[in-house]
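All values below were derived from every heavy atom in this structure, side-chain atoms included, with hydrogens, water molecules and symmetry-related copies excluded.
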2 protein chains.
Amino acid sequence: MTATAPPWPLSSFPGPQDSPGFTLWRDFTRWQRSLNAALKPLDLTQPRFAVLAVCGWLTRDGRDITQQDVVDFLGMDRMHISQIASRLDRDGLILRRASRTDLRAKVLRITPAGHDTLARAMPLVETHDRAFFHRKGTP
Amino acid sequence: MTATAPPWPLSSFPGPQDSPGFTLWRDFTRWQRSLNAALKPLDLTQPRFAVLAVCGWLTRDGRDITQQDVVDFLGMDRMHISQIASRLDRDGLILRRASRTDLRAKVLRITPAGHDTLARAMPLVETHDRAFFHRKGTP
DNA sequence: CCTCATATGTAAATGCATTTACATTATATG
DNA sequence: CATATAATGTAAATGCATTTACATATGAGG
């Protein structure tokens, strides 16, 4: 007996390229890679930009927000947001201080430098995404 | 002068939720999180599964493939594939040996254990993705 | 008031994804 | 053949994303 190749029809799709999850993964990583490249001059990444933008959005009327508010808005893990917020704090784009009404919570505030960076980043992101999503194929 | 809230209309979208990139990010992470949970009993993750499946797909007719072939097929970074393949090798799901025709390249081969794991994983993934993508909204 | 379940956030560990730099081998060009 | 350029893969470092475990604080019920 010789070694035989394993049988393929393991999948109901002709090939991996035809699986929607496979293409979602590939398209997402391409989008993120491309946007990260556009944001590199500002020392931002797509997730850093997103958290910064959400901070700006949720505090647009001067309200205080906590990390948990960002978690709820983004629907993401609280540890993840903690990591990103910690680095944004380290880099001077946001401030974090303990809330006076809930000593567990940390109130987030965008610094002037953070707001300036956000204002510069926004048109880069919108220009990028307009180009990226206009041609829906693989860019 | 009192401190004023930073002006919002920084974006042409009413809010972050309306940006296509923002929703792509959120939807992708939800999909990957959900699929990783489905694959956990097999000690697989979505990227590990994807690389394993591509190895199976590209070797379906018995041909030899290299890591670079996987990189080209997936359109991903070669260092990234190197990491994932290294762990799949460590876990006994694939074998890696130096090519005899190109001493730089490493030939990949799925082990019986790897093929068995792939055969178990495939229906989990297809069931998961059918449910996930059927309702296009946020699941 | 006291206790307990819940909420907010972090430390440590792991894997995903990329960047930079490097070693080795192939290949094209002189 | 000799050398320059390109291709294949890895080590180390960084940031993204999640999991587990933990510390502290809140709030509900006794």
Quiz item: Should R96(B) be listed as having a side-chain N or O under 4.0 Å from OP1 or OP2 of dT10(D)?
Solution: yes

Quiz item: Rounded to the Å, how far apart are I81(A) CD1 and dG9(C) P?
Solution: 11 Å

Self-check item: Residue from L58(A), V51(A), L52(A) passing side-chain contact (heavy atoms from CB on, under 4.5 Å) with V54(A)
Solution: L58(A)

Practice problem: Step through the shown structure and confirm whether more than 12 heavy atoms of other residues, nucleotides or ligands are within 6.0 Å of CZ on R63(A). | Solution: no

Quiz item: Between dG15(C) atom C1' and F49(B) atom CZ, what is the distance in whole Å?
Solution: 18 Å

Practice problem: Provide, to the nearest angstrom, the distance between the CE atom belonging to M76(B) and the P atom belonging to dT19(C). | Solution: 12 Å

Practice problem: Send over the distance from D102(B) CG to dG9(D) P, rounded to a whole Å. | Solution: 8 Å

Practice problem: Could you check which of dT26(D), dC16(D), dG15(C) has an atom nearest any side-chain atom of R90(B)? | Solution: dG15(C)

Quiz prompt | Main-chain N/O of L124(A) paired with T127(A) side-chain donor or acceptor, under 3.5 Å | solution = no

Quiz prompt | Rounded distance (Å) that lies between atom P of dT19(D) and atom NZ of K40(B) | solution = 6 Å

Practice problem: Report yes if a donor N or O on one partner sits less than 3.5 Å from an acceptor N or O on the other, where the partners are the side chain of R104(B) and the base of dA26(C); otherwise report no. | Solution: no

Quiz item: In terms of side-chain heavy atoms of R87(B), which of dT26(D), dC16(C), dA11(C) is nearest?
Solution: dC16(C)

Quiz item: Under 4.0 Å between a side-chain N or O of R48(B) and OP1 or OP2 of dG15(C)?
Solution: no

Quiz item: Strictly by modelled atom types, are Q68(B) and D72(B) linked by a side-chain donor-acceptor pair under 3.5 Å?
Solution: yes

Exercise. By nearest nucleotide on DNA chain D, pick out whichever of T101(A) and W25(B) is the more 5' one.
Key: W25(B)

Quiz item: NE2 of H80(A) versus P of dA11(C): gap in Å, rounded?
Solution: 16 Å

Quiz item: Applying the salt bridge (Lys or Arg N to Asp or Glu O under 4.0 Å) test to D64(B), which of R96(B), K106(B), R109(B) qualifies?
Solution: R109(B)

Quiz prompt | Atom pair distance, as rounded to whole Å: CG in L44(B) and P in dG15(C) | solution = 13 Å

Quiz item: Among the nucleotides dA13(C), dT10(C), dG9(D), which one has an atom lying closest to any side-chain atom of K106(A)?
Solution: dT10(C)

Quiz item: Is there a side-chain polar atom (N or O) of T45(B) under 4.0 Å from OP1 or OP2 of dG15(C)?
Solution: no

Quiz item: Mapping R100(A) and D91(A) onto DNA chain D by nearest heavy atom, which one lands closer to the 5' end?
Solution: D91(A)

Quiz item: Where the side chain of D77(B) is concerned, which of dT18(D), dT18(C), dA25(D) is the nearest nucleotide?
Solution: dT18(C)

Practice problem: Tell me what T66(B) touches on the nucleic acid: a base, only sugar-phosphate, or nothing, going by heavy atoms under 4.0 Å. | Solution: sugar-phosphate

Quiz item: NA contact type, S99(B), heavy-atom cut-off 4.0 Å: base, sugar-phosphate, or nothing?
Solution: nothing

Quiz item: Less than 3.5 Å between a donor and an acceptor, one on the side chain of R78(B) and one on the base of dG9(D), is that the case here?
Solution: yes

Quiz prompt | Nucleotide nearest P47(B) when distance is taken to its side chain, options dG9(D), dG9(C), dA17(C) | solution = dA17(C)

Quiz item: On DNA chain C, nearest-nucleotide positions of V71(A) versus Q32(A): which is more 5'?
Solution: V71(A)

Quiz prompt | Q83(B) (side chain) and dT18(C) (base): donor-acceptor pair under 3.5 Å | solution = yes

Quiz item: Taking atom C1' of dG9(C) as reference, at what distance in whole Å does atom CZ of R97(A) sit?
Solution: 16 Å

Self-check item: Flag, side chain of S99(A) to backbone of A105(A), donor-acceptor distance under 3.5 Å
Solution: no

Quiz item: Any side-chain N or O of S82(A) under 4.0 Å from OP1/OP2 of dG9(C)?
Solution: no

Self-check item: Nearest-neighbour nucleotide for the M79(B) side chain, dA11(D), dG9(D), dC16(D) considered
Solution: dA11(D)

